[in-house]
Amino acid sequence: MNDWTVLGPELLSALGQTLYMVAVTLLLAGLLGLLVGVGLYVTRRGNILEHRAVHEAINLVVNFVRPIPFIILLAALGPVTEDVVGTRLGPNAAIFAMTIGAMFAVARIVEQNLMSVDPGVVEAARSMGVSRGRIITTVILPEALGPLVLGYTFLVIGITDMSAMAGAIGAGGLGDFALRLGYQRFNDEVTWAAVAVIVVLVQLVQLVGNRMARRILRR
Amino acid sequence: MTAPADPDRTRHPDGEVIVRFEDVTKTFVTGPAKARREVVAVDGVSLEIRRGEIFGVIGYSGAGKSTLVRLINGLEPITSGSLTVNGFEVAGRKETELAPVRQEIGMIFQQFNLFTSRTVAGNVEYPLKRAGWPKDKRRARVAELLEFVGLSGRAGNYPEQLSGGQKQRVGIARALATSPKLLLADESTSALDPDTTQEVLQVLQRVNRELGITIVLITHEMDVVRAIADHVAVMQDGKVVEHGSTVDIFARPRTGTARRFVSSVLHSVPDEREVERLRRAHHGRLVIVDVGDGVDIGGVLSDGAARGVRFTIAYGGISVLQEESFGSLTFELIGEDTAVQDVVDELSRITTLREVAA
């Protein structure tokens, strides 16, 4: 019933768009979220840059953005997106909103994983006269690398989910493919094809993430 | 656990002062905003630690000894007083200003605190990297240090593959990497079994003797002090209640705390239960006398014997530490009352005597 000689290439290009959106968002939200997460962690009480006001301020922003459902954040950010990206439509507009939405989730994941670092190793580094900036980059982050990789893997899946939602506002990608060609035309086969591709994608990401974490954690 | 006392320990009585505490107090503020509580962890401590010695700090947990050692390298800032390391005032310094003095002070920990993400060699190399050593020099230094602690074959292992004693030896190698003048050892053997404790103490002793590094040794085990410390400070409730040479503290403890620590390794004085048992077995007059070099207890007892006073040794122990013998003996004296009293008086004159209540 479906003509896959037409749909096939469309699915492929939708996959390409999804991969592009997820990859760029992962990079941007990953880096920004890392900074915010490290900021949350080091300013906590008893940590190397303890600062209550700064910690509370970051905490407030994170808690403000995090509970907003992504589909609403996407719409609410519209004007800002237009100012920054120049348009509210397409993959780049979606990337902007996804980055904002994901970076605060990343921040929490990073903060939580860094809290698993033994304060003793930080103290050991301090006793050697290592600067606080160096302690973050050469002790805290390497010691938490295994859990961080797993956290980021979890994040990729969340971002893939976000990218599908962004399809609803014309961002393209697998979400758009499933909604426009499947759901709206009552064509379950097309919807399920998109779902299948997403499932395979997620499985691959999880597999790679688990392997990397296992190597880092040596177990 | 019995540590062999070390007879030919090098003494450094006249070494220059490397760490000086002058009326140092450290107060922690804890609890939530509404119920703030001040805890005085270190209370008016004045101490001098001399270059080349092993300085023990002993106390029960909560006595403030771990806080005391953390003040030396500024891991905790002092609240009041003055604390100098090599003449450098540590008090009132910012974290960034402390870096140079910290590079002169190595530190090892009860839980070792090794970097789990780095190999044995990587752990030892880490402080060298931070100090900007070039790679080939780092490699040579790491090999030399691992050789010193006897772990050359373990360079490529990760910490979780090592035993507790091996981990602490890696900790020592890492702490020594940048050739510090002072090594702080915070309960460095408390997580180890007796055999491994000896192994680590021997390494520490070599660090002191062969490399001439001053060591500040925090512990709650008197055996550790006895095995390697030259001087010891006894801490209780944040205060140093007694300090002196290890021999002095062992031979003549003045405070109850010091006496309890000494009796934890030297059982020369009967405790309450043992006194009860002695009372049941002996019906004469029971006295505990301190013995030591040049205390002529035998002479007094011979004179007593001439007047018909017999004696039995009911309890006691004599130890030798740094070529000085000390200990206590519990005698039962039997004979005519006035003659026994004369013996007791004479013993009281030449040494410390305590009567065991009837």
Side-chain angles (χ1 to χ4, degrees), chain A residues 34 38-39 41-56 59 110 113-152 211-219, chain B residues 28-30 32-33 66 69-70 72-76 93-119 122-132 157-161 170-171 174-178 180 182-186 191:
Chain A
L34 185 69
V38 167
Y41 169 78
V42 295
T43 55
R44 279 183 86 93
R45 198 172 159 172
N47 279 2
I48 51 173
L49 285 167
E50 177 176 338
H51 196 297
R52 200 166 162 193
V54 171
H55 182 79
E56 290 306 321
N59 212 20
V110 168
N113 286 326
L114 296 188
M115 280 175 64
S116 69
V117 173
D118 175 10
V121 298
V122 175
E123 188 172 58
R126 283 181 66 210
S127 80
M128 297 170 199
V130 181
S131 72
R132 286 168 290 196
R134 282 285 185 180
I135 289 178
I136 294 169
T137 55
T138 63
V139 177
I140 294 170
L141 291 177
E143 289 290 303
L145 197 58
L148 278 177
V149 166
L150 288 176
Y152 274 91
R211 289 224 165 148
M212 276 172 67
R214 207 177 307 144
R215 264 187 89 145
I216 293 162
L217 292 170
R218 300 182 299 280
R219 53 174 94 110
Chain B
F28 287 105
V29 180
T30 60
S66 277
V69 76
R70 278 172 171 68
I72 297 174
N73 58 359
L75 287 179
E76 298 285 355
R93 300 286 179 172
K94 293 191 210 125
E95 184 90 0
T96 43
E97 295 173 319
L98 288 167
V101 71
R102 283 180 180 164
Q103 280 160 12
E104 305 255 286
I105 306 173
M107 189 166 188
I108 56 174
F109 307 85
Q110 177 169 8
Q111 294 303 329
F112 324 120
N113 296 351
L114 300 181
F115 303 123
T116 57
S117 57
R118 297 174 197 273
T119 60
N123 267 276
V124 180
E125 189 185 15
Y126 180 80
L128 299 170
K129 268 188 184 166
R130 297 287 81 80
N157 285 137
Y158 280 91
E160 75 262 18
Q161 296 168 302
V170 176
R174 184 178 69 175
L176 297 181
T178 52
L182 179 65
L183 178 66
L184 309 177
D186 182 19

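For clarity, every value in this text was computed on a predicted model and none was experimentally measured. Letters A, B, ... are given to chains in the order of the sequence lines, protein chains preceding strands, and every chain is numbered from 1.
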Do you know the tightest heavy-atom contact between [X] and [Y]?
X	Y	value
B:Asn113	A:Asp118	OD1-OD2, 3.9 Å
B:Gln103	A:Gly129	NE2-O, 4.0 Å
B:Phe109	A:Ser127	CZ-OG, 4.0 Å

Of the listed residues ([options]), which shares the most heavy-atom pairs with chain B below a 4.5 Å separation?
options	result
A:Arg132, A:Glu123, A:Arg126, A:Met128	A:Arg126
A:Val122, A:Ile48, A:Val139	A:Val139
A:Gly146, A:Pro119, A:Gly120	A:Gly120

Chain B contact via A:Val130 - which portion, at a heavy-atom distance below 4.5 Å: side chain
Option in B:Gln110, B:Met107, B:Glu104, B:Arg70 with maximal non-hydrogen atom pairs under 4.5 Å from chain A: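 Highest number of heavy-atom pairs under 4.5 Å: B:Arg70.
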Contact leader toward chain A among B:Thr116, B:Ile108, B:Val101, where contacts are heavy-atom pairs under 4.5 Å: B:Thr116
Toward chain A, the part of B:Leu75 with a non-hydrogen atom under 4.5 Å: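 Its backbone and side chain both get close to chain A.
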Interface moiety of B:Leu114 toward chain A, non-hydrogen atoms closer than 4.5 Å: backbone
Heavy-atom side-chain proximity of B:Tyr126 to A:Thr138 below 4.5 angstrom: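 Heavy-atom side-chain distance check passes, below 4.5 Å.
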